[in-house]
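Each remark here refers to the structure printed beneath this line.
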Amino acid sequence: MQYNFNEIEAKWQKYWSDNQTFKAVNNAEKKKFYVLDMFPYPSGAGLHVGHPLGYIASDIYARYKRHKGFNVMHPQGYDSFGLPAEQYAIQTGQHPAITTEKNIKTYRRQLDQIGFSFDWSREVRTSDPSYYKWTQWIFIQLFNSWYNLETDKAEDIQTLIEKFSSNGNLQVQAVCDDNIEEFNAIDWNNYSTKEQQQILLKYRLTYLAETEVNWCPALGTVLANDEIVNGVSERGGHAVIRKKMTQWSMRITAYAQRLLDGLKKIDWPQPLKDSQTNWIGRSQGASVTFYTTGDEKYPIEVFTTRPDTIFGVSFMTLAPEHDLVNKITTAAQKTEVEAYIEATAKRSERDRMADVKTISGAFTGAYAEHPFSKKPIPIWIGDYVLAGYGTGAVMSVPCGDQRDYDFAKHFNIPIPNIFEGVDISEEAFADKEKTVIANSDFLDGLPYKKAVKTAIYELEKLGQGKGKINYRLRDAVFSRQRYWGEPFPVYYVDGMPQMIAAEHLPIKLPEVEKYLPTETGEPPLGNATVWAWDTVANTVVDNSEINHTTVWPLELNTMPGWAGSSQYFNRYMDPHNEDEIFSKEAVNYWQDVDLYIGGSEHATGHLLYARFWQKFMFDKGLVPQDEFAKKLINQGMITGTSAFIYREEETGKVLSKGLIKVKTVTPIHADVSLVNASDELDIEGFKKWQPEYKDAEFLLEDGKYIVGREVEKMSKSKYNVVNPDDIVAEYGADSLRLYEMFLGPLEQSKPWNTAGITGVHSFLKKLWKLYFDENGSKVSNDKPSAENLKTLHKTIKKVEEDIENFSFNTSVSTFMICVNELTTQKCTSRTILESLAILVSPYAPHISEELWNKMGHDESLSTVSFPIFEPNHLVESNKEYPISFNGKMKFTMNLSLDLTKEEIEAAVMGHEKTIQQLAGRAPKKVIVVPGKIVNIVG
RNA sequence: GCUCGAGUGGUGGAAUUGGUAGACACGUUGGACUUAAAAUCCAAUGGACAUUAGUCCGUAUGGGUUCAAGUCCCAUCUCGAGUACCA
């Protein structure tokens, strides 16, 4: 009987689908296990061989856990809002929904043929109104919440309103906007509704705010920093200006500390935790208030991590955009300052960041008073101080900070030394550990830590400072000027945003004629003609009905890509619930994700936002866990192995790789499908593919054209993309699965080369041959030999350890060794072969099902118990001891493991090869490690 | 610059707590089978020297700890990822 993989795989895929083998039921008696993949964006290009890597790994784990008796949920879905479908719509006019639907079909077909154990009954799509209804719902919850620092959690906005109406905002400790004016209860109750709404907006967890964006008038859109090159748009080279726009923001900064603390309790890769830690960027220090001298004493608040160096301040620097600049600049300096501000405004943020070396700035003519010495300190502006970080102002301590030092040198500002025994003639001194303060009044002689404490204490006494923790993390802008995204459930009354009541959700994306921004610069939804909210009928109506009494305009922005992916893992628990985002029962049963696999590129995007929303949901009592994924693994990228031919420049001849000597040749990409396992090019195929080479002369070596190889990112333009469809057709899904795992460690990036797949493919054929020969089944009821059992149990032990450690590549080797050994042993024993089929099944499920079935089982093997390791089969009586001399192994000796150290030493010393090695010398020392090694020194 | 990770045959990669470096594959070479090819099977395959038993060198480089180092420590180099005037 032949191993007919195409037939077998189709058969079992149908069986699984017909029998809903992998459908997970909530609240089963069994213990739950939730295995999650990062759901894909369905792109038009379909899957290449690199995409399924993580899915294969998670599938192996999910299948393994089913064998271990768990109720496994392994769902899949689509992150189906996104830019490519929208851009395609702009070019062709085709509705993104149609493009998306088509791409999903392709994805589904490709995924199905790889044999994943997904529970498709739980599929979600972020662009589906029944799904984004709940994305809109969460947005409303965020809008209706504020962050109470006293309870350290999000609370309903009603509790804040109550506080305001009974006590005003003086006692309220909240995470909110900076520019909050104080008011008491009487003030609050006298405010108009609009005024109250404006105030509340400064406290809500999602709020409207003026945000500075990169606006490209020619394209009519906002550009991200990386879409701008040299100050102009990457596409088209149009001018870009910085513009303030009103945008929705998420108050993620409220959760900065909890996001940091949460990292301690989750098992995520260290590099990923590091980059989140970095991104949140906690720094501890003090905020210090300086007052300007002169008639009007403006306060300037700065943040510093080094309050101990306060006596080293010799100037202050404000960001050019700082609000105070206008107010304090003296008449004499006005021209210079204004010229400088204009010059920096022209430079994009990116340019400013790229060009760190050039020192620039201007003196405002104003002075601030030092809080302790009361000496005047000149106030400068400089673009090395960022408006967006801290307070946009710094106290400059040139002796202790290199940037301040460089600035001071450049502008000839004095650099007072406040460090004991340190030379600062060449550079600033920033080593906290070695710091001893000098020339600093009451701080003299103190080391860093004590000086910080003392300085803060003295500042507090003056009322000019206090200890403070600052975060780099910014609130997240939540508006996009795009069409293909979730619409906001928001309409505007008198310019103030109003939430549409939850029972009227979803607010469906309207139809538009054009997917581009409008001529007046409004987002694409500005093209919609039916996009107004009727507050009486509670429905979306035609724009012509807007009367500003009962019918109002709707929000024109849409939500960003990360909105839909921030809660999908919870929605999978109860995906068809129309009344709730998910039921209490479902979420209490599934709790959280046990294993999450996906790419590391989401470290500071999706994975941070999702943690933020989860914590918010936790505060609202909606979910039982405040971290959504216990364990996370980043799979590495699979790169391509490009093939090159070499064209000689002078003659136009094409040289085989070995013929390139000193001649100038141009490497040209050849499609990898035209190259065989021995790097030999199919010349005829190549000529057909690139007709311009049909008359070119190919110079061969040994009758073959050998291509050059190089590892590059898999990409169409490099002709190194391998489609899993082709691999499945030629070798089968089980071969593909095994090979992807066999390539190397899951988390590592590694090159794909189709040539190697024959190794795992012939392994599957050998496996098959253990069960069948040309006459049919070979499986017997013979009692397994001790040798058979040893091979099997060695394999069980190793494979189990490997899966638990996510070391999938080494288990494939282990299977190969096992099958090679059993073949040599001519093993036909059912006991052994049944266990083997189960062991292999997480990796190669189709062949395993078939083998299991052919051994007389009617049911799928997917939930059959994993074989149990019995150590007694591995007990050895003897050991092949390596005998080394000065650490170098010279020969081995087979000795009983029962021997004592002394007996081993005697046996080794008596061996003829030992005597030969020593050549009469007496050994200085003999190290005997029973069961391991013998080392003779001397 | 900073943070993190990694450097092992022609290639992908193995190597529990330091204990036989190169498992398992690919490729290559030789052989069997075949008219031939494919498939399959067998053997060899880190390098140098040695006709043999064998000797020496080998895990990026240079030091160190140890009876013993791919593994631990120090320094250097290279590559990859993230991040960046963060006060």
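Throughout, protein chains are lettered first and strands after them, A, B, ... in sequence-line order, and every chain is numbered starting at 1.
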Under 4.0 Å: is that the gap between some side-chain N or O of [X] and OP1 or OP2 of [N]?
{"X": "Asn935(A)", "N": "U66(B)", "result": "no"}
{"X": "Gln748(A)", "N": "A6(B)", "result": "no"}
{"X": "Lys925(A)", "N": "C67(B)", "result": "yes"}
{"X": "Arg403(A)", "N": "C86(B)", "result": "yes"}
{"X": "Asn809(A)", "N": "A14(B)", "result": "yes"}
{"X": "Ser678(A)", "N": "U28(B)", "result": "yes"}
{"X": "Thr758(A)", "N": "A25(B)", "result": "no"}
{"X": "Tyr389(A)", "N": "A87(B)", "result": "yes"}
{"X": "Lys750(A)", "N": "G13(B)", "result": "no"}
{"X": "Lys890(A)", "N": "C56(B)", "result": "yes"}

Could you state the atom-to-atom distance from [atom1] of [X] to [atom2] of [N] in whole Å?
{"X": "Asn278(A)", "N": "U3(B)", "atom1": "CG", "atom2": "C1'", "result": "6 Å"}
{"X": "Asn753(A)", "N": "G10(B)", "atom1": "CG", "atom2": "C1'", "result": "13 Å"}
{"X": "Asp679(A)", "N": "U28(B)", "atom1": "CG", "atom2": "P", "result": "9 Å"}
{"X": "Asn676(A)", "N": "A37(B)", "atom1": "CG", "atom2": "P", "result": "15 Å"}
{"X": "Ile377(A)", "N": "A87(B)", "atom1": "CD1", "atom2": "P", "result": "20 Å"}
{"X": "Leu473(A)", "N": "A84(B)", "atom1": "CG", "atom2": "P", "result": "13 Å"}
{"X": "Tyr731(A)", "N": "C26(B)", "atom1": "OH", "atom2": "P", "result": "12 Å"}
{"X": "Glu747(A)", "N": "G82(B)", "atom1": "CD", "atom2": "C1'", "result": "16 Å"}

base_contact_polar (C4(B) base, Asp274(A) side chain, donor-acceptor, <3.5 Å): no

Distance-only donor-acceptor test, Lys932(A) side-chain atoms vs U17(B) base atoms, 3.5 Å: yes

Measuring only the [atom1] atom in each nucleotide, how far is [N] from [M]? A whole number of Å is fine.
{"N": "C67(B)", "M": "G62(B)", "atom1": "P", "value": "23 Å"}
{"N": "A23(B)", "M": "A15(B)", "atom1": "P", "value": "13 Å"}
{"N": "G58(B)", "M": "G63(B)", "atom1": "P", "value": "11 Å"}
{"N": "U71(B)", "M": "U16(B)", "atom1": "C1'", "value": "12 Å"}
{"N": "A37(B)", "M": "G46(B)", "atom1": "C1'", "value": "33 Å"}
{"N": "C72(B)", "M": "U17(B)", "atom1": "P", "value": "10 Å"}
{"N": "G18(B)", "M": "G64(B)", "atom1": "C1'", "value": "15 Å"}
{"N": "G10(B)", "M": "U65(B)", "atom1": "P", "value": "32 Å"}

Paired with [N]: which nucleotide, if any, by Watson-Crick or G-U wobble criteria at under 3.5 Å for both distances?
{"N": "A69(B)", "answer": "none"}
{"N": "A48(B)", "answer": "U55(B)"}
{"N": "U35(B)", "answer": "none"}
{"N": "C2(B)", "answer": "G82(B)"}
{"N": "U76(B)", "answer": "A60(B)"}
{"N": "A15(B)", "answer": "none"}
{"N": "G22(B)", "answer": "none"}

Side-chain donor-acceptor pair present, Tyr843(A), Ser811(A), cut-off under 3.5 Å: yes

Side-chain H-bond candidate by donor/acceptor type, Asn720(A) with Ser642(A), under 3.5 Å: yes

Check: Phe5(A) ring centroid to Tyr731(A) ring centroid under 6.0 Å: no

Which part of the nucleic acid does [X] contact within heavy-atom distance under 4.0 Å: base, sugar-phosphate only, or nothing?
{"X": "Thr641(A)", "value": "nothing"}
{"X": "Asn470(A)", "value": "nothing"}
{"X": "Val929(A)", "value": "base"}
{"X": "Asn820(A)", "value": "sugar-phosphate"}
{"X": "Glu880(A)", "value": "base"}
{"X": "Lys924(A)", "value": "nothing"}

Non-neighbouring partners of Tyr389(A) that pass side-chain hydrogen bond (donor to acceptor under 3.5 Å, both in side chains), sequence neighbours left out: Ser283(A), Asn470(A)

With respect to the side chain of [X], which nucleotide from [options] is positioned closest?
{"X": "Trp279(A)", "options": "G82(B), G13(B), A84(B)", "answer": "A84(B)"}
{"X": "Ser813(A)", "options": "A23(B), G13(B), C26(B)", "answer": "A23(B)"}
{"X": "Lys888(A)", "options": "C57(B), G82(B), U20(B)", "answer": "C57(B)"}
{"X": "Lys797(A)", "options": "U16(B), U20(B), A25(B)", "answer": "U16(B)"}
{"X": "Met816(A)", "options": "U40(B), A25(B), U20(B)", "answer": "A25(B)"}
{"X": "Tyr384(A)", "options": "G13(B), C67(B), C85(B)", "answer": "C85(B)"}
{"X": "Arg472(A)", "options": "U83(B), U16(B), G12(B)", "answer": "U83(B)"}
{"X": "Pro745(A)", "options": "U83(B), C67(B), G13(B)", "answer": "G13(B)"}

Set of residues satisfying side-chain contact (heavy atoms from CB on, under 4.5 Å) with respect to Asp401(A), sequence neighbours excluded: Arg403(A), Asp404(A)

Closest non-hydrogen atom pair, Leu874(A) against Lys790(A): CD2-O, 3.4 Å

Are [X] and [Y] ion-paired here, with the side-chain N under 4.0 Å from a carboxylate O?
{"X": "Lys657(A)", "Y": "Glu701(A)", "result": "no"}
{"X": "Asp773(A)", "Y": "Lys769(A)", "result": "no"}
{"X": "Lys797(A)", "Y": "Glu801(A)", "result": "yes"}

Pairwise 5' ranking along RNA chain B for Val760(A) and Asp404(A), keeping only the more 5' one: Val760(A)

Parallel, tilted or perpendicular: rings of Phe772(A) and Trp768(A) (30°, 60°): tilted

Glycosidic conformation of G9(B), taking syn as within 90° of 0 and anti otherwise: syn

